[in-house]
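Below: one structure, written as structure tokens.
Chain identifiers are assigned alphabetically (A, B, ...) following the order of the sequence lines, protein sequences preceding nucleic acid strands; residue numbering begins at 1 within each chain.
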Amino acid sequence: MYNKVSKDLNFVDREKKVLEFWKNNDVYKKSIAPKADGAPTFTLYDGPPTANGKPHIGHIKTRVIKDVIPRYHAMKGESIVFKAGWDTHGLPVELEVEKALGINGKPQIEGYGVEPFIKKCKESVWTYKDQWEHMSDRVGFWADMENPYVTYDNNYIESEWWALKQMWDQGLIYKGHKIVPYCPRCGTALSSHEVAQGYKTVKERSAVVRFKCVDEDAYFLAWTTTPWTLPSNVALCLNPNDEYSKVKACDGYTYYMATALLDSVLGSLAKDGEKAYEILESYKGTDLAGRSYVALYQGAADEAAKQKKKAHYTVCDEYVTMEDGTGIVHIAPAFGEDDARVGRDNDLPMVQFVDTRGNLTEETPFAGKFVKDADPEVLKDLDSRSLLFSAPKFEHEYPFCWRCDTPLIYFARSTWFIAMSKKRDELLKSNNMVNWMPETIRDGRMGDFLRNVIDWGISRERYWGTPLPVWECECGHRHCIGSIEELKSMSDDCPDDIELHKPYVDNVHIKCPKCGGQMKRVTEVIDCWFDSGSMPFAQYHYPFENKEFFDTHYPCQFISEGIDQTRGWFYSLIAISTVLFGRAPFENCIVMGIVQDKDGIKMSKHLGNVVDPWDVLDSQGADAARWYFYTANQPWLPSRFSKEAVNDGIKKFIGTFWNTYAFYVMYADIDNFDPTKHTLDKASLGAMDRWVLSRLNTLIKVVNEKMDNYDISQSARLIQDFTEELSNWYVRRCRDRYWGAEETQDKVNAYMTLYTVLDNLTRLCAPFVPFMTEEIYQNIVCSVDKEAPISVHLAKYPVADESLIDAKLEEEMELVQQIVTLGHSCRESASIKNRQPLSEIYVVSEIGLDDEYKPIVLDELNIRKIEVMSDASTLVDYSFKPQLRTCGRKFGKNLNDAKEVIANLPGKETYNALKNGSVKITVNGEEYEMTEEDFLIETTQPEGFSTQTSGNLTVSISTVLTEELIEDGLVREMISKIQNHRKETEGLTVSDRIVLKYEGNDKLAEVIEKKKDYLASEVLAVEISKGTGDNSKEWNVNGEKITFSVVKA
RNA sequence: UGGAAAGUAACUCAGCCGGUCAGAGUGCCGUUCUUAUAAAGCGGUGGUCGAGAGUUCGAAUCUCUCCUUUCCAACCA
């Protein structure tokens, strides 16, 4: 009837068969299809991975955390919309191609040709596509991989153009300067991610420079770590609130600088007890603002004049600190983020005397020198003009190009921006719409970022990306194109099949609506984060197609990615959607912690601690890997991954579940038990059955609630706990109910209960471990129920049957388990093993124990009789001592005699009396009334008992062994030995009959003769007799030696 | 360097809207039990709950400082 269940835990092969089954039967498509008219839809967005990098173990985490949610909702009867996607643009792709082609840098790309280059890029992004698809498939990740969105697709790009045009029309896109980390050798800006890879500690000469005041014979002292920026200096910056001083220094000069830093800068001037300086006057920073000084280099003054802007004067800004330098900062707006901002705020000229190769320009005396080589020259020059105060060595972290090791320079480039700072409040509103898990993301990482949001620099001076759809005319007019149709309508030279990439779009010109001239596209492409942030609409080519579909599937219910995406994908999604649609595009988001190695160290190639996903998938299986990520900890915490940890989950849950299932199948097969031919007869169920069904339905109820709240780990852990109890309490306690030959009502109940539990549990954890549950479901449900859906993933998610939940029953069973635990503990401490029967157990509990449960306790503990009471006094005895604090006053000099009287008080009687009030004692003829607080009460254990207490529960077992108990113990012991003997005897199965012979011990022989019938029935012996025979072995039975012979009858 | 998260037994974690234990699992040792189990039960070993202050009658739990790990962000001039 059922398929035989293999007991080995080699899940990998079985999982592969399940994959085949899904494929052959289109199970995925069936699972996400609308179940019924009007059924709700559940929509997810997939954060697109880049297929030009290999998938690693962390990607398994993101895939499986994501996957469990739609699977759950699919089984709840919702239809699922979840399109996979690929992120295909960007610098990393270009770098891969450069490497493959053996070229390096922009000039060489131009030399190679842009068209063939981007063609290579387009191929390169699919380098690891197979691996990605294979991995996604293998872990059971169910997203629509057949029709994924691809960010380089023309339709996708066109939707982005539409979005950009919307922003353009809102006046949010502008061209400005951005200070970018720039590699002068490669001729390109680097992304922050790349910059982060190349920080090194360097020791360089910094400069403290004298800036001569125009109106007096005094100098501002300013410090810089980059002397090569000094020729481009246009201002000095002070902190508005800190104190500055004008001092007469002992080198003869008069200086302005921060009071707090006087000693550290000027201190070294002091000679022979002479003071280094004398404070002439003090000012607040703002008092010194607007003071003009003499430009260090004429070139900068000329350039300022050319730009008709005031320069070379002092300004104030709060970013200046008193930690290093002089408290006065030299400002070169072209070479620093803060400098640029200060420049904008004060309308300073943009002086940039460095060219794109990193060389100083002709406007300076250092023309042609590379910036770092110019440093010493500048210092020398200033020194010769007496403008250099000092040139201290300075150690700091400085970024280098990770490819060519050239020091990066921060460099003003013209850049296109989206004015996100204007949308700050809306962004925060969108952020608040999101149910972030963990919650701290909202006000923490994301909230902080949004409160300080800056304009989004979206342009990149690269080749492989979505082209910025802005055309420029010589007359100065700019036009943003929002669709291919618009482009064609304005252009005479646009090919019909225009591809929206460089260099093709660059060859398309449009007619200037202002002057009729020819407009050319700007050269930039855009940040690929704009690509991924546009996916909610661009994946459907909205608004050009699928308008209605988009409207009904936006926003989505759920997304999930790693925490590193806070400022990446999460931000770009929120940013774009907020501008276009005024809201966040997703409702719930699980932010995942990264996967580390087992020691909590980040996995990285050079450390060699990277776990290959296939290593796990091919040896332990996908369910095991999934279960690890669900149960290890909350998804947002970092996971310390190791194969050993995965193994724990196999032992604890996967193996346990599998075995319980195998147990059911084994016996159901022997008995040819068909659950469809019976119904669960609730009225006749015993305590164990009702208990496990109650536990099951409580679990179902809680898991439904938790999964509705995206609480994956709690759900999984509860399922794991239940499975453990199912196996080690319910099945273990009920095993013998499946053994009998006849089909009694109790046996049917046992089968039906276990079947019901397994069926529900299988469906309950199907979203978590989709492979093993598929196999189990098909074997125990589909094979007998032809009406059942062909796959567990097409079945209904279990809903709790409240009528089966009995809280009191669960509580009482917990009590039973506690009693058993304490009982075992009593045996342990009395050193009486479980096979030795004992006469009596006493249980003291506030909760009564129904008669129904008593046999469970007795059988489990191998005890004859149980007595339950609510008062411990029958179990323990009490002894008393006077509490001297109160008794001292009460008895005075009678105290010593009182002690004796008190020591002899009858324990239980006195204790009970005290609990109800007071007792009277007579000492030396005088009567005293004593209350509880007059005594120190000690409990003593009566002779012949072993007692254990936990909380309000006390269990005591009688340890007295009568002759009869000892004999029964010997019988049990012999049964155990003979069963072992049977097990070791070749060719004997559990149901074979045997002939048993014994020899060699008169005492045991007597016992055997006495209990012959019982013994025979337990070991399935058709004959028991004294003598020797084949297959004999000597056994030690509680110290007595005896030889048994076991032969198949 | 800044921001965020985390720091509880050898390991993985729970507890953390202040007040019975400092807990569970794994590991190790002992022992029991087994006609499903790479099992299970019981006992033992093991932690000044990162360190130090503070608030409080009372803190693993709240506040502050510091240290360590991870992530993110960073030319502080």
- Query: Is A:T821 near enough to B:rC42 that one of its side-chain N or O atoms lies under 4.0 angstrom from OP1 or OP2?
  - Reply: yes
- Side-chain N or O of A:N834 less than 4.0 angstrom from OP1 or OP2 on B:rC33? no
- Message: Once you apply a heavy-atom cut-off of 4.0 Å, does A:V820 come out as touching a base, just sugar-phosphate, or nothing?
- Response: nothing
- Query: Does A:Y667 place a side-chain N or O at less than 4.0 Å from the phosphate oxygens OP1/OP2 of B:rA36?
  - Reply: yes
- Query: How close or far is atom P of B:rC33 from atom CG of A:N728, stated in whole angstroms?
  - Reply: 17 Å
- Rounding to the closest angstrom, what is the interatomic distance between B:rA51 and B:rU61 at atom P? 10 Å
- Looking only at atom P, what distance separates B:rC13 and B:rA60, rounded to whole Å? 23 Å
- Determine the interatomic distance between C1' on B:rC21 and the same-named atom on B:rU8; round to the nearest Å. 15 Å
- Task: Assign each of A:E860 and A:D648 to its nearest nucleotide of RNA chain B by heavy atoms, then name whichever residue's nucleotide is nearer the 5' end.
- Result: A:D648
- Item | Parallel, tilted or perpendicular, as decided by the 30° and 60° cut-offs, for the rings of A:H330 and A:F211 | parallel
- Pick base, sugar-phosphate or nothing for A:R735, based on heavy-atom distances below 4.0 Å to the nucleic acid. base
- Query: Taking atom P in both B:rG19 and B:rU63, what distance in whole Å separates the two?
  - Reply: 15 Å
- Nucleotide of B:rG41, B:rA77, B:rA14 approaching A:E724 most closely (side-chain heavy atoms): B:rG41
- Rounded distance (Å) that lies between atom P of B:rU35 and atom OH of A:Y738: 16 Å
- Task: Have a look at A:E828 and say if it touches a base, only the backbone sugar-phosphate, or nothing, with a 4.0 Å heavy-atom cut-off.
- Result: base
- Message: For the aromatic rings, using the six-membered ring if either is Trp, is the centroid distance between A:W529 and A:Y571 under 6.0 Å?
- Response: no
- Message: Between B:rU65 and B:rU55, how far apart are the two C1' atoms, rounded to whole Å?
- Response: 15 Å
- Query: In terms of ring plane angle, is the pair A:W658 and A:F11 parallel, tilted or perpendicular, where the classes change at 30° and 60°?
  - Reply: perpendicular
- Query: Base, sugar-phosphate, or nothing: which does A:W739 touch, judged by heavy atoms less than 4.0 Å apart?
  - Reply: base
- Message: Taking 4.0 Å as the cut-off, does a side-chain nitrogen or oxygen of A:R640 come that near to OP1 or OP2 on B:rU12?
- Response: yes
- Message: Is there a side-chain contact between A:T660 and the phosphate of B:rA36, meaning an N or O under 4.0 Å from OP1 or OP2?
- Response: no
- Message: Between B:rG52 and B:rA5, how many Å separate the two C1' atoms, rounded to a whole number?
- Response: 22 Å
- Does any N or O donor sit under 3.5 Å from an N or O acceptor when you compare the side chain of A:T326 with the base of B:rA77? no
- What is the ring orientation for A:Y398 with A:F400, classed by angle as parallel under 30°, tilted 30 to 60°, or perpendicular over 60°? perpendicular
- Message: With a 6.0 Å cut-off on the ring centroids, do A:Y738 and A:Y751 count as close?
- Response: yes
- Message: Rounded to whole Å, how long is the line connecting atom CD1 of A:I441 with atom P of B:rA6?
- Response: 10 Å
- Separation of A:R732 atom CZ from B:rC33 atom P, in whole Å? 13 Å
- Determine: side-chain N/O of A:K651 to OP1/OP2 of B:rG27, distance under 4.0 Å, yes or no. yes
- Are A:W223 and A:F389 close enough that their ring centers fall under 6.0 Å? no
- Which nucleotide in B:rG41, B:rC71, B:rC13 has an atom nearest any side-chain atom of A:R717: B:rC13
- Message: Taking B:rU70 as the reference, what is the distance to B:rG50 when you measure between their C1' atoms (whole Å, please)?
- Response: 15 Å
